[in-house]
Structure formats: structure tokens, C-alpha cells
2 protein chains.
Amino acid sequence: MKNYIRDNRSERGMTQDDLAEVLGVSRQTIISLEKGRYNPSLELAFKLAGVFGCRIEDLFDPEEE
Amino acid sequence: MKNYIRDNRSERGMTQDDLAEVLGVSRQTIISLEKGRYNPSLELAFKLAGVFGCRIEDLFDPEEE
DNA sequence: GGGTAAAGTAAAGTAAGTTTTACGTAAAGG
DNA sequence: CCTTTACGTAAAACTTACTTTACTTTACCC
């Protein structure tokens with residue numbers, strides 16, 4: 001499942017470490033997420049949408065990939 | 001995390017078995033989901049929104065519980 | 001009462017998300 | 001050069017989503 005986490009993160013000038021910390025997850029989780037290595041839990045998806053001020057549907061595209 | 005899966009399901013006259021089958025998961029998964037025993041994967045959340053023709057944010061409330 | 005459909009519980013097992021630790025690389029600055 | 005910052009990889013350990021199987025309960029209907 002494709003996602004736009006990296007785009008949103010760098011648009012805001014955040015490092016992977018920053019994002020991991022504000023989300024309360026490890027940096028490894030961010031790296032793997034951005035690389036599309038797995039699909040996050042719904043809870044993490046909601047946190048991401050919260051941080052970026054958008055909806056889950058704006059961050060993830062279930063159609064692609 | 002609170003959800004409105006049971007409401008949406010029974011509004012449509014579906015049984016837990018029906019929903020499980022159309023989602024491609026086990027009935028146990030539906031039971032546990034409706035009981036709020038765990039948070040689903042994002043992929044399952046997208047499938048649910050697809051079946052019910054709504055957005056994830058309409059099915060799950062990350063604030064409550 | 002017996003039969004069946006829908007929902008529930010419980011436990012053990014498998015699959016996948018997430019963490020932790022440790023090391024590698026490339027770019028930027030002093 | 002050397003250090004620091006940001007990003008990457010890899011593997012083992014842990015946690016939790018999800019499956020499978022088997023059995024229970026409730027209600028409705030004949």
C-alpha cells in the first residue's frame with residue numbers, strides 16, 4: 001500500500017527521528033513505513049493523520065502497489 | 001478505539017459470517033473487532049470502509065476508549 | 001422438545017507489526 | 001581529516017493481529 005508519509009514529513013522539515021518521537025514509535029518504524037515495507041496499525045495511521053493535520057485517506061492509497 | 005462496525009453491519013442486514021467472507025477474514029476477527037478487543041490493520045480498515053461505502057474516520061473513533 | 005441460525009467464548013498456533021541494538025554510508029562543516 | 005547529522009541495512013526479540021478448531025448460548029420456528 002502506497003503512502004505519502006515521506007512527502008508530508010519533509011514538507012514540514014522534520015527528520016525521521018523527529019517524526020518517530022512525536023508519534024511515540026521507533027525510528028525503524030518510520031524508515032520501514034516510508035519504504036513501504038509493511039502496513040501500519042490503524043492506531044498509527046490515525047496518529048500520523050493527526051500530526052500532519054489530514055485524513056488517513058490523504059496519507060495512504062490502498063489501491064496502489 | 002471505538003468503532004461502528006456492528007451498527008453498519010446490522011443496518012445492512014449482514015451476519016458476522018457474511019462480513020467476514022466479503023472481507024476475506026475469519027469470523028473470529030469480526031467478533032473481536034466488534035467487541036473492540038484490538039485495533040485492526042490499516043488494510044482491514046480500508047476494506048471495511050470499502051464494504052460500507054464510507055471513510056475510515058466514519059467507522060473508527062480514535063478518541064474514545 | 002428438537003433443529004437450526006447467529007452470536008459468543010476460549011485456547012493454541014501462525015503471521016506480521018514494532019522495538020532494540022549495532023553497524024554502514026554519504027553529505028556538510030570546522 | 002574528523003565529527004556530526006540524517007538516512008539506511010540487518011537480525012533477533014517481542015507484541016499483537018489474525019486463524020483455526022471446538023464448544024456454548026440464545027432465540028426463533030416447526
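These values consider heavy atoms only, across backbone and side chains, with no hydrogens, waters or symmetry-generated copies.
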On the side chain of [X], is there an atom forming a donor-acceptor pair with the base of [N] - under 3.5 Å, no angle test?
X        : N       : result
Gln16(A) : dT5(D)  : no
Arg27(B) : dG8(C)  : yes
Glu43(A) : dT16(D) : no

- line: Residue pair Pro40(A)/Arg9(B) against DNA chain C: nearer the 5' end by closest nucleotide is Arg9(B)
Gap between atoms [atom1] and [atom2], on [X] and [N] respectively (whole Å):
X        : N       : atom1 : atom2 : result
Gln28(B) : dA22(D) : CD    : P     : 14 Å
Lys47(A) : dT18(C) : NZ    : C1'   : 11 Å
Leu48(B) : dC18(D) : CG    : C1'   : 14 Å
Ile5(A)  : dT18(C) : CD1   : P     : 10 Å
Asn39(A) : dC18(D) : CG    : C1'   : 14 Å
Leu23(B) : dA17(D) : CG    : P     : 17 Å
Leu42(A) : dC18(D) : CG    : C1'   : 15 Å
Tyr38(A) : dT15(D) : OH    : P     : 16 Å

[X] side chain near [N] phosphate (N/O to OP1/OP2, under 4.0 Å):
X        : N       : result
Thr15(A) : dT5(D)  : no
Arg6(B)  : dA6(C)  : no
Thr29(A) : dT18(C) : no
Ser41(A) : dT16(D) : no
Arg37(A) : dT9(D)  : yes

- prompt: Of the candidate nucleotides dG8(D), dC18(D), dG8(C), which contains the atom at the shortest distance from the side chain of Ile31(A)?
  reply: dG8(D)
statement: Picking from dA7(C), dT19(D), dG17(C), the nucleotide nearest the side-chain atoms of Val25(B) would be dT19(D)
Validation: residues 24-32 of chain A side-chain donor-acceptor distances under 3.5 Å, sequence neighbours left out:
unit_1	atom_1	unit_2	atom_2	d
Ser26(A)	OG	Thr29(A)	N	3.3
Ser26(A)	OG	Thr29(A)	OG1	3.1
Ser32(A)	OG	Gln28(A)	O	3.2

query: Less than 4.0 Å between a side-chain N and a carboxylate O, is that true for Lys2(B) and Glu63(B)?
result: no
message: Tell me whether Ile5(A) shares a hydrophobic cluster with Met1(A), the cluster being built from Ile, Leu, Val, Met, Phe, Trp, Tyr side chains joined at under 4.5 Å.
response: yes
message: Test of understanding: clusters of I, L, V, M, F, W, Y form through side-chain heavy atoms closer than 4.5 Å, transitively. Do Met14(A) and Tyr4(A) belong to the same one?
response: no
Could you give the side-chain donor-acceptor pairs of residues 41-58 of chain B under 3.5 Å, partners two or more places apart or in another chain?
unit_1	atom_1	unit_2	atom_2	d
Ser41(B)	OG	Leu44(B)	N	3.2
Glu57(B)	OE2	Ile56(A)	N	3.0
Asp58(B)	OD2	Arg55(B)	N	3.2

